[in-house]
Amino acid sequence: MTVYKQLADLIFPEITETIEDLEKRYPERDLPEGAMVTRFAPSPTGFLHTGSLFASMTSRKFAKQSGGVFFIRLEDTDQKREVAGSGDSLISQLQTFGVTPDEGYLGTDKEIGNYGPYVQSARADIYKVVIKYMLENNMAYPCFCTPEELSKMREAQNANKENFGYYAHYAKCSTLTPEEAIERIKNGESYVIRFRSLGDYHNKVAIDDAIRGHIEMAENDQHIVIYKSDGLPTYHFAHLVDDHFMHTTHVTRGEEWMPSLPIHIELFNSMKWTAPTYAHLPVIMKLDNGNRRKLSKRKDLEAAVSFFLEQGYPIEGFMEYLYTIANSNYEAWRDENPTADKDEFKFTFEKMSLDGALFDLAKVQNLCKEKLGHMNTLEFSEAATTWAKEYSPELLKLIEKDPAYFSQIVGIEREKENPRKDYEKFSDILPLIKFFYNEYYDEMVKELVFPENLSSDTIKKVLSEYVKVFDLELSEEDWFAQMKEVAISCGFAANAKEYKKNKEAFLGHVGDVAAILRLTVSLRAQSPNLYIVMKILGKEEVTRRINNILTK
Ligand code: GLU
């Protein structure tokens, strides 16, 4: 038995499986030629970032359109940074946006697929098999450096203006003999395990990124920690093992991982495993006072996916937007195929932007307005109800009191070729429709002020005449004619043109009468079609509202 094997056995006596065993347990996937296996690998450290939704949507899309597999893996090896419950909420938010995996982590204690476990903390033994192999082959070694020694090293590097890290002559423990290491372990010294890098920072490594093309970067020379004293691997090493045994073909991840590529390439090469194709996705940027900067969790509400959910932006509108920033030819395709399912469009890596995708909230809002405008009344009411259940008890109360009434209100001028586009998000509904409900109307009416050009005598006259005659059984045209008659009888011109010709002769024109009625009934200077509004409220309620103003 070699001393390296003795060292490996001393560290991992319980590990008897070999790499071959793992290869058998996780065989090649049986997929058609060209099918991509992609993944989203979030860490449960907080909320779902808009950039992560973008990345996961993109990964899924590439897998689905190629007949492959998209899976989710929870990367929880940094347990200090873990935020309780965030794994579950990530999954439920992804689901809301339709980013559902074929395989993998589905929330606490839930997963599907034959390549698991899909939570890294449950894979400790798998990592150990590979680390044991590396120790046996002198590709890794225990490192006993204390935090104090490491910080001294850092100070020296700082003073010498050298690269930071554990490399070359700084990699002190890399020169320990296995015998020395065995002795120190037996003496109870604590240690981590490091990868023995054979790279040289002065050499270049060539990499083909599916989005960025051919690039050259400095070779890795860092002896990175692969196994921590808490028994878990580090991210870089877990990526090697997981994406190998899960047979990931394409690693689509944020471009913030680019600098780590030389490490990953060296790890794959050292194991003689084929590295996946890397596709580093553009980071989502924001225009801030004319300058481009990354969408920031601290500064930008729209950096958190929860913002869009809470505000009630329609999922389809938001996803439509993400498609437009994913591929530069998507919008042109959409113009030619306005009603097609967005997934008929195929993403390509070539059409992804290289220098950051600019996030444009105004465009999201426009697309969402379009989507909401084109929903039919049933779809809209259902989607609004689903949203209200989660985010607005106040709106939900109104809906549940009388769902049919709510549908009538949000159905105004819908299902037409050019529908009204009142709402850009579900949170717009309540403020816009409150006036239909008496409990709100009766409070808000206290604040009502009519425009200054209309005297209270004029208003009284119009309202008292109108309330005597108005008839909501009439057709819209006749209803309007009736309002006009009231206007004329009260001394208003029949139209604006006539009024302009001889302002002295009139109190105003029929538009002013409509404005008085609109304000009285809806408390708003602008409202949807007044005839329909009155019909929905009903004769009795319109009468009550008019009389209420008259008594003031
Ligand atoms: N867990 C890493 C993250 O949180 C994933 C990086 C990768 O996709 O390789 O971003």
Side-chain angles (χ1 to χ4, degrees), residues 36-63 68-83 85-91 93-94 99 101 103-105 111 115-124 126-127 207 209-212 217 220 224-226 228 232-268 273-284 294-297 303-305 349 352:
M36 293 185 190
V37 178
T38 65
R39 86 297 193 273
F40 176 52
S43 300
T45 52
F47 66 92
L48 182 61
H49 192 284
T50 300
S52 304
L53 176 63
F54 176 68
S56 57
M57 173 283 283
T58 307
S59 305
R60 179 176 184 275
K61 173 84 172 125
F62 276 109
V69 175
F70 167 67
F71 68 87
I72 294 182
R73 177 173 71 226
L74 195 71
E75 305 212 321
D76 63 342
T77 56
D78 192 352
Q79 304 211 309
K80 282 188 287 281
R81 288 179 56 224
E82 188 156 344
V83 174
S86 58
D88 287 313
S89 74
L90 282 174
I91 293 297
Q93 292 188 347
L94 287 173
V99 184
E103 184 180 302
Y105 174 75
E111 60 175 44
Y115 291 83
Y118 295 89
V119 175
Q120 287 183 332
S121 57
R123 298 173 62 77
I126 301 174
Y127 304 123
I207 301 162
D209 183 276
I211 297 175
R212 278 139 227 281
M217 295 174 83
N220 173 57
I224 59 157
V225 173
I226 57 178
K228 299 176 290 172
L232 285 173
T234 54
Y235 160 71
H236 301 298
F237 181 74
H239 155 53
L240 162 81
V241 174
D242 294 347
D243 284 315
H244 174 71
F245 288 113
M246 293 177 179
H247 299 280
T248 306
T249 64
H250 290 72
V251 168
T252 44
R253 63 182 179 192
E255 90 189 321
E256 67 275 20
W257 292 102
M258 280 294 283
S260 310
L261 255 178
I263 302 177
H264 299 166
I265 299 291
E266 193 189 3
L267 286 172
F268 274 96
W273 290 343
T274 310
T277 301
Y278 288 95
H280 286 91
L281 301 170
V283 161
I284 299 205
K294 274 197 209 164
L295 205 56
S296 130
K297 324 195 205 195
V305 164
F349 288 122
M352 300 208 88

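Just so you know, ligand 1 is whichever comes first in the structure, and atom 1 is the first atom listed for that ligand.
Between Phe349 and His250, the ring planes lie parallel to each other; the angle is under 30°, not in the 30° to 60° tilted range. Ring geometry for His239 against Tyr278 counts as perpendicular: the plane angle is over 60°, on a 0 to 90° scale with 30° as the lower cut.
For the pair Phe40 and ligand 1, no heavy-atom separation below 4.0 Å is found. Distances from ligand 1 to the non-hydrogen atoms of Arg39 include at least one value under 4.0 Å.
Scanning the protein heavy atoms around atom 6 (C) of ligand 1, the nearest turns out to be Tyr235 OH, 3.3 Å. Regarding atom 4 (O) of ligand 1, its nearest protein heavy-atom neighbour is Ser43 OG, 3.1 Å. Scanning the protein heavy atoms around atom 5 (C) of ligand 1, the nearest turns out to be Ala41 O, 3.1 Å.
With hydrogens and angles disregarded, no donor-acceptor distance shorter than 3.5 Å links the side chain of Thr249 to the backbone of Met36.
The only option from Leu261, Ile263, Ile265 that meets the side chain to side chain contact (heavy atoms under 4.5 Å, CB included) definition with Asn220 turns out to be Ile263.
Close contacts between ligand 1 and Glu75 involve ligand atoms 1 (N), 2 (C), 5 (C) [criterion: under 4.0 Å to a heavy atom].
Residue Leu232 comes nearest to Ala124 through the heavy atom pair CD2-CB, 4.4 Å, listed as atom of the first residue, atom of the second, then distance.
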